[in-house]
Protein chains: 2
Amino acid sequence: MARTPQDVTDAELAVLQVLWDAGPLPIRRITEVLYPAGKPAQYATVQKLLERLEAKQCVTRDRSMPTHVFRAAIDRDDLVGRRLQAVAEKLCGGSWTPLLTHLVANQSLSEADRDLLRALIQEQAPKPRRRKESA
Amino acid sequence: MARTPQDVTDAELAVLQVLWDAGPLPIRRITEVLYPAGKPAQYATVQKLLERLEAKQCVTRDRSMPTHVFRAAIDRDDLVGRRLQAVAEKLCGGSWTPLLTHLVANQSLSEADRDLLRALIQEQAPKPRRRKESA
DNA sequence: AGCCTGTCAGACAGTACGTCTGAAAAAGAG
DNA sequence: CTCTTTTTCAGACGTACTGTCTGACAGGCT
């Protein structure tokens with residue numbers, strides 16, 4: 001029975017978080033954030049993590065300068081989507097409804113959350129009449 | 001940097017799915033479902049998977065008969081919740097709002113889904129007057 | 001008694017993954 | 001020009017995870 005490796009591992013995610021917060025950055029800067037009082041070897045750890053993220057197409061590398069600069073190629077919401085997709089596929093036969101139901105029924109939503117949801121649902125409803133709207 | 005092992009692995013999940021669908025069941029029955037044309041050794045595979053699930057408190061074992069019977073101790077919605085919790089914690093600082101936003105804004109919801117969501121949201125709204133309700 | 005089924009327990013092997021070493025090139029400083 | 005530091009490139013290492021398997025023992029059935 002096949003296993004599913006992680007789309008992004010914990011250590012890779014830590015690198016992505018740094019790039020989301022402060023990217024694009026070179027390896028040295030990322031290492032300084034992740035390992036503030038770090039060992040020299042940890043430069044190589046971040047290097048390896050970036051190599052794997054590049055292979056997974058989660059980061060891109062700008063080689064135009066001698067010191068390469070890395071940028072996240074997926075954003076936080078992309079990854080949230082992938083993770084939610086994985087949960088839907090593995091547990092609910094691909095259906096999103098149980099995830100929605102779980103989130104809405106099982107969490108104490110704030111008034112702001114409820115308002116936001118109503119607005120989003122409204123956004124999705126088919127419009128009774130098509131109007132020209134500015135882009 | 002610590003790794004997070006899976007709460008339930010793919011193979012363990014396959015066992016749980018069988019128990020959700022047709023449990024409670026003994027090992028032999030579970031093995032027949034998971035490995036229809038299976039090797040004798042796969043009895044031991046399922047055995048080991050059940051042992052690990054028991055240790056994780058995801059299944060319970062009824063030892064009152066010579067042939068032990070296994071039952072899921074968490075249901076599908078429990079596991080959905082755990083997985084969603086994990087996504088919220090790792091990607092959104094624990095907040096559910098981005099997950100909700102992603103699900104509602106990024107999926108083509110059916111009319112039935114929208115109606116369901118409106119009802120659930122309504123359910124969550126504070127009632128204008130508190131009434132005694134039977135438990 | 002022999003065979004089959006089930007439990008109990010541990011071991012195995014491959015993969016994942018965070019970490020590290022080493023060679024080579026280039027930049028910086030004196 | 002020489003030496004040091006930084007960076008890239010490439011691979012290896014070690015531990016844990018995880019799916020799978022072996023073996024001993026007990027009990028039921030024929």
Side-chain angles (χ1 to χ4, degrees), chain A residues 1-19 24-56 58-71 79 83 86 90, chain B residues 1-19 23-56 58-71 79 86 90:
Chain A
M1 196 174 291
R3 326 178 185 175
T4 307
Q6 290 198 72
D7 55 354
V8 171
T9 69
D10 287 348
E12 289 164 358
L13 180 60
V15 170
L16 269 179
Q17 308 262 26
V18 173
L19 291 177
L25 286 174
I27 298 172
R28 175 62 60 195
R29 297 278 82 74
I30 299 171
T31 307
E32 283 167 5
V33 174
L34 284 179
Y35 303 97
K39 299 177 266 180
Q42 280 160 338
Y43 183 95
T45 299
V46 173
Q47 199 167 33
K48 176 60 64 181
L49 294 170
L50 282 165
E51 183 190 313
R52 289 174 182 164
L53 281 166
E54 197 181 5
K56 291 174 176 178
C58 295
V59 303
T60 56
R61 177 195 301 244
D62 180 356
R63 299 166 182 267
S64 61
M65 300 282 282
T67 299
H68 297 175
V69 167
F70 295 83
R71 166 192 310 272
L79 194 47
R83 296 282 170 98
K90 282 191 188 299
Chain B
M1 192 172 294
R3 317 179 190 174
T4 307
Q6 291 197 74
D7 55 354
V8 171
T9 69
D10 286 349
E12 288 164 357
L13 180 62
V15 170
L16 270 178
Q17 308 262 27
V18 173
L19 292 176
L25 287 174
I27 299 171
R28 176 64 58 196
R29 297 276 83 74
I30 299 171
T31 308
E32 284 165 5
V33 174
L34 285 179
Y35 303 97
K39 298 177 266 180
Q42 279 159 339
Y43 181 96
T45 298
V46 174
Q47 198 167 35
K48 175 59 64 179
L49 294 170
L50 283 164
E51 183 190 312
R52 288 173 184 164
L53 282 167
E54 197 180 4
K56 293 175 176 176
C58 295
V59 304
T60 55
R61 177 196 299 248
D62 179 356
R63 300 166 185 264
S64 60
M65 302 282 281
T67 299
H68 298 179
V69 166
F70 295 83
R71 164 193 311 273
L79 196 46
K90 283 195 187 296

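For clarity, every value in this text was computed on a predicted model and none was experimentally measured. Throughout, protein chains are lettered first and strands after them, A, B, ... in sequence-line order, and every chain is numbered starting at 1.
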Worksheet item: Between dT7(D) atom C1' and I30(A) atom CD1, what is the distance in whole Å?
Response: 13 Å

Worksheet, complete the sentence: Its contact letters, B for base, S for sugar-phosphate only and - for none at protein heavy atoms under 4.0 Å, make nucleotides 24-30 of chain D read -------

Worksheet item: Would R29(B) and V18(B) count as a side-chain contact (heavy atoms from CB on, under 4.5 Å) if you check the C-alpha gap in whole Å, the side-chain angles of each, and the deciding distance to 0.1 Å?
Response: CA-CA 9 Å; R29(B) 297 276 83 74; V18(B) 173; over 6 Å; no

Worksheet item: Rounded to whole angstrom units, what separation is found between the CG atom of D62(A) and the P atom of dT7(D)?
Response: 15 Å

Worksheet item: Can you name the nearest heavy-atom pair linking L13(B) to V8(B), along with the distance?
Response: N-CG1, 3.5 Å

Discussion item. For A2(A) versus D10(B), what's the shortest heavy-atom pair and its separation?
Written reply: O-OD2, 3.7 Å

Discussion item. Using whole Å, what does the distance between atom C1' of nucleotide dC9(D) and atom CG of L50(A) come to?
Written reply: 14 Å

Discussion item. Testing the basics here: between K90(A) and T4(A), what is the closest heavy-atom pair and its distance to 0.1 Å?
Written reply: NZ-OG1, 3.1 Å

Worksheet item: How many Å lie between CD1 on I27(A) and C1' on dA26(C), as a whole number?
Response: 15 Å

Worksheet item: Only one of Q17(A), R52(A), K48(A), K56(A) clears side chain to side chain donor-acceptor pair (under 3.5 Å) with E12(A); which?
Response: K56(A)

Practice prompt. Report yes if at least one side-chain N or O of R28(A) is closer than 4.0 Å to OP1 or OP2 of dT6(D); otherwise report no.
Written response: no

Worksheet item: If every non-hydrogen atom of M1(B) is compared with every non-hydrogen atom of A11(A), which pair is closest and at what distance?
Response: SD-CA, 3.4 Å

Practice prompt. Specify the separation, in whole Å, of atom OH of Y43(B) and atom C1' of dT22(D).
Written response: 15 Å

Worksheet entry | Integer-rounded Å distance: dT7(D) P and R63(A) CZ | 16 Å

Worksheet item: Mapping T67(A) and E51(A) onto DNA chain D by nearest heavy atom, which one lands closer to the 5' end?
Response: T67(A)

Practice prompt. Could you check how far CE of M65(A) sits from C1' of dA25(C), rounded to whole Å?
Written response: 17 Å

Worksheet, complete the sentence: Here the distance between atom P of dT18(D) and atom CG of L16(B), to the nearest Å, is 14 Å

Item to complete: Heavy atoms under 4.0 Å is the rule here; annotate nucleotides 17-23 of chain C 5' to 3' with B where the base is hit, S where only the sugar-phosphate is, and - elsewhere.
Response: BBBBB--

Practice prompt. Kindly determine whether F70(A) and V15(A) satisfy side-chain contact (heavy atoms from CB on, under 4.5 Å), including the steps that lead there.
Written response: CA-CA 10 Å; F70(A) 295 83; V15(A) 170; over 6 Å; no

Discussion item. Under the criterion side-chain contact (heavy atoms from CB on, under 4.5 Å), I'd like the reasoning laid out for I30(B) against L49(B): C-alpha separation, chi angles, the key distance, then a yes or no.
Written reply: CA-CA 11 Å; I30(B) 299 171; L49(B) 294 170; over 6 Å; no

Response to the item:
Heavy-atom nearest pair, Y35(B) first then T45(B), reads OH-CG2, 3.7 Å

